[in-house]
Structure formats: structure tokens, C-alpha cells
> 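Sharing a structure with you now.
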Amino acid sequence: MALDVVALPKVLLHDHLDGGLRPQTVIDLAAQSGYDGLPETDAEALGRWFRESADSGSLVRYLETFGQTVAVMQTAEALHRVASECAQDLAADGVVYAEVRYAPEQHLEEGLTLEEVVEAVNAGFRDGERIAAAAGHPIRVTALLTAMRHAAKSTEIAELVVRYRDDGVSGFDIAGAEAGFPPTRHLDAFEYLRRENAHFTIHAGEAFGLPSIWEAIQWCGAERLGHGVRIVDDIFADEQSLADVTDTGTVDADLVRLGRLASYVRDRRIPLEMCPSSNIQTGAARSVAAHPITLLKQLRFRVTVNTDNRLMSGTSMSREMQLLLDDAGWTVEDLRWVTINAMKSAFIPFEQRLALIDDVIKPGYDPVG
Ligand SMILES: O=c1[nH]cnc2c1ncn2[C@@H]1O[C@H](CO)[C@@H](O)[C@H]1O
Ligand SMILES: [Zn+2]
């Protein structure tokens, strides 16, 4: 019998709220707000436009597509709807716990305050959770507040994370174009968060390589890495071993040597929030089969599987997992492993993570695994 990936419990740590709207919702919200900049007015055509435009091979061009979603997310009602649908869509796909991120500073154009943005999104998530539970798909969603790396609001956003940490916000992130905007530009924000015992992840090692990962971990103190795929630049193997990973999904670990940074990441169990389809679109990986996630899994890095932007990639958690099964030699046991990895790496308290692992995730995989 074919494996039903949708039915498996899944954990999502890296998903952008403004990268996951339903195409029809973009159209509805544009009509409501009078925004006339959409490139298409039919839902199917608009969905295709996002996927094709994001398929640029460049992170900077990929990010340009967010202008269209952010434009229609400027009121409390719009944010509430987008957040509610996000929770419902993830739950329908079998996600049981998600950390969904967005940049509050990008939603102030119509006069909302940062606090009003956070409260509208939180209310939307609570609404979506209620609807999903009633439909038989319980999910818990927490928010990560992102600061944009080219901007200068990171300290303010970090303070917002601390203010709302007991009210639906589990952590902080920085995102945006990587080259030219090293995470150390935001050192004050990271130092503040560490003094406050708050959690944060950093987009690093996606469009830029090892120096970005090194700064994120060793200067800034990132608990997790958004993407982190370029850590493979610090992993050395002969051509044949790498070809084996692509062909068979396995590698002889004895033939692989780790540099100091890669060793550190593995030794410290630093979670990698990997997003295969997104990486192919931005040129950070060639294909699912050749994506470094399989080598990193094989070498027992703390790998997690994520969507990044469901709209721009036309994807879902189930689709990312199915691609790994179909193209990269993964098994259901691997899916169980990355799901538990992700739950262990979440920014909610330990006992809550453990309860989800024991009560929801393990029982969900037992019938098949
Ligand atoms: O893969 C990515 N790398 C870097 N930045 C990203 C990525 N995906 C989305 N964003 C950026 O994060 C903002 C807040 O959600 C988005 O508006 C987009 O600019
Ligand atoms: Zn991202």
C-alpha cells in the first residue's frame, strides 16, 4: 500500500506567513484594499506566476515576489485571515506543530503598530487552530518574529519577541538578502535576546557560504540555522562518495571528512532548517536528489525538513517529504527521524515538546514504522 504522507504527523519550523497565502486570498485581499498591482487576477494563473517568478536561480529575485503578498497584508483583518488560513492549511496537511515567521515591520504601511500586527496574527492563528481542531486536525502554531537583515529594526523586533513570549511568540529570526548583510549587523539584538533567555534562529548559509554560518553561530549565538545548506562546503568527500549519495541516498561515512565548523554544528546538534524546493529555486541546490540534506542526514546532522514558502514553491510539508521519498531514497523511518528532530528543536518549553513527541508523533508513525 502506498504510504500516506499527509496522514503522518509533521513538524514545521521554517515557514513564512507571507510566503504561504492561498492565491485566491491574495486576489480577494487585493480587491478589498484596492491594490491594483497583481500580475494576474485568476487564482491558478497567479499561483503559477509566483512559482515561475520565484524560479529565478537567485535569492534576491526570489524575494522580489514577496512585494505582492506583503502589499495585501496591511490591515488587521487581512493578517487575521492569512494567519487563520495558514493554520488550517498546515493542519489539513498533517502538520501538528508549526513555527510560522513573518516580519512585523513589513506590515505597517496602513498605520498598524508593531503590537497590532502581532496581535492580529496571533488572533488569526488561534482562530485557525480552533477551526482545524473542529475539523479533526489539531495543530499548535507559534510565531517567530523576523527582522529584515537590510533594515535597522532588529532591536525593536527583538524587544517585541520578549514582550509577547508568553503570548504566542516563540522566537526571533532574521531574513532577507544574505550577501552583503551579515548577521553581525544585528549583534545588539542577539545579545539582548540572549540576556533575556529568548530563542532565535538565523537565515544563514543559503545564498552565502561558511562565513555567514560561522558568524550566525559563533558571533550571534544562533540556536538553529535557517537553511544552513552551505555547511556542505566544509564537508570533504571524494567524488565517488558524493555520487553515491545522489544515486543511492547513502554514503560511506568513513570516507567523509568534516572541517571544524561542520564538526561544531554536528557536535552541538545545531538544527538545520532545510527547505529543498526553495533551495532549488534560489540556486542553492541543483535538485532534490542532489540536495545536501541527504548527505547531512546520512552523517547524522540534526536535519529538519521545511517548506520555507508554500506559495512561491507550490509546496507543502507532505510534498517536500514525498519528493525526498521519491527522488532521494528516503524511507518513512527517515521521515519519523526528521520529525522528532524538528520537535526536539522547537522553541517551546521542553515538557511541551516531549508531550508532542510521546503523545502525537510516535503514535502517528508506529502503525507504519
Ligand atoms: O529563503 C529565504 N531567505 C531569506 N529571506 C526570506 C526567505 N524566504 C522569505 N524571506 C523573507 O522573509 C520575509 C519575512 O517572512 C519575507 O518577506 C521575505 O522577504
Ligand atoms: Zn526562509
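We count ligands from 1, going down the list as the structure has it; atoms in each ligand are counted the same way.
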> Cut-off 3.5 Å, side chains only: do Y62 and N309 have a donor facing an acceptor?
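There is such a pair between these side chains.
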> So, is Y102 polar-close to ligand 1, with some N/O to N/O distance under 3.5 Å?
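So ligand 1 has no N or O lying under 3.5 Å from an N or O of Y102.
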> Would you say E320 and S277 are linked by a side-chain donor-acceptor pair, where the criterion is simply a distance under 3.5 Å?
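Per modelled atom types, S277 and E320 side chains form a pair under 3.5 Å.
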> With side-chain hydrogen bond (donor to acceptor under 3.5 Å, both in side chains) as the test, would you mind laying out the steps for E178 and S212 before giving the verdict?
CA-CA 8 Å; E178 189 173 8; S212 179; 2.5 Å; yes
> Please check whether Y62 reaches ligand 1 - meaning an N/O of the residue sits under 3.5 Å from an N/O of the ligand, judged on distance alone.
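In fact, backbone or side chain, Y62 has no N or O that close.
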> Hey, which atoms in ligand 1 end up nearer than 4.0 Å to a heavy atom of D308?
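Within the 4.0 Å cut-off of D308, ligand 1 contributes 1 (O), 2 (C), 8 (N).
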> Does any N/O atom on V70 come nearer than 3.5 Å to any N/O atom on ligand 1?
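V70 vs ligand 1: no N/O contact under 3.5 Å.
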> If the contact criterion is a heavy-atom separation under 4.0 Å, does M312 count as touching ligand 1?
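The answer is no, since M312 has no heavy atom less than 4.0 Å from ligand 1.
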> Pairing donors with acceptors under 3.5 angstrom, does anything connect the side chains of Q281 and S56?
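Short answer, no.
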> With heavy-atom distances below 4.5 Å as the criterion, would you say the side chains of Q24 and I27 are in contact?
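With C-beta onward as the side chain, the pair touches.
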> Does at least one non-hydrogen atom of E178 fall below 4.0 angstrom from an atom of ligand 1?
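It does not, in that no heavy atom of E178 comes within the 4.0 Å cut-off of ligand 1.
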> Closest heavy-atom contact between D18 and T69?
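For D18 versus T69, the nearest heavy atoms are O-OG1, 2.8 Å.
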> Which ligand 1 atoms are under 4.0 Å away from a heavy-atom of L63?
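That gives atoms 5 (N), 6 (C), 7 (C), 9 (C), 10 (N), 11 (C), 18 (C), 19 (O) of ligand 1.
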> Does E206, backbone or side chain, put an N or O under 3.5 Å from an N or O of ligand 1?
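The answer is yes, given that E206 and ligand 1 share an N or O pair closer than 3.5 Å.
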> By number and element, which atoms of ligand 1 are closer than 4.0 Å to a non-hydrogen atom of D18?
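Within the 4.0 Å cut-off of D18, ligand 1 contributes 13 (C), 14 (C), 15 (O), 16 (C), 17 (O).
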> Hey, which atoms in ligand 1 end up nearer than 4.0 Å to a heavy atom of G176?
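So the answer, numbered in order with elements, is 4 (C), 5 (N).
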> Does a donor on one side chain and an acceptor on the other come within less than 3.5 Å for T142 and S170?
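Yes.
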> Tell me which one of D173, V82, V118 satisfies side chain to side chain contact (heavy atoms under 4.5 Å, CB included) with Y102.
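Going through the options one by one, the only one that passes is V118.
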> Does even one non-hydrogen atom of G19 get within less than 4.0 Å of ligand 1?
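No, that is not the case, since the closest heavy atom of the residue is not under 4.0 Å from the ligand.
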> Which residue and non-hydrogen atom of the protein lie closest to atom 8 (N) of ligand 1, and at what distance in Å?
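Scanning the protein heavy atoms, the shortest distance from atom 8 (N) of ligand 1 goes to N309 ND2, 3.0 Å.
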> Pick one: which of T146, I157, L144, L160 meets side chain to side chain contact (heavy atoms under 4.5 Å, CB included) with F172?
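Of the listed options, the one satisfying the test is I157.
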> Please check whether S278 reaches ligand 1 - meaning an N/O of the residue sits under 3.5 Å from an N/O of the ligand, judged on distance alone.
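In this structure, S278 places no N or O atom under 3.5 Å from an N or O of ligand 1.
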> Restricting to N, O or S atoms of H14, which is nearest to the Zn ion (ligand 2)?
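Closest to the Zn ion (ligand 2) among those atoms: NE2.
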> Just need the protein heavy atom nearest to atom 19 (O) of ligand 1, so name the residue and atom and give the distance.
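Nearest protein contact, heavy atoms only, for atom 19 (O) of ligand 1 is M148 CE, 3.4 Å.
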> Looking only at N, O or S atoms, find the one in D308 nearest to the Zn ion (ligand 2) and name it.
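In D308, the N, O or S atom with the shortest distance to the Zn ion (ligand 2) is OD1.
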> Provide the atom name of the closest N, O or S atom of H203 relative to the Zn ion (ligand 2).
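Nearest N/O/S atom: NE2.
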> So if I count the atoms of ligand 1 from 1 in the order they appear, which ones are less than 4.0 Å from some heavy atom of L59?
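Those of ligand 1 that fall under 4.0 Å from L59 are 3 (N).
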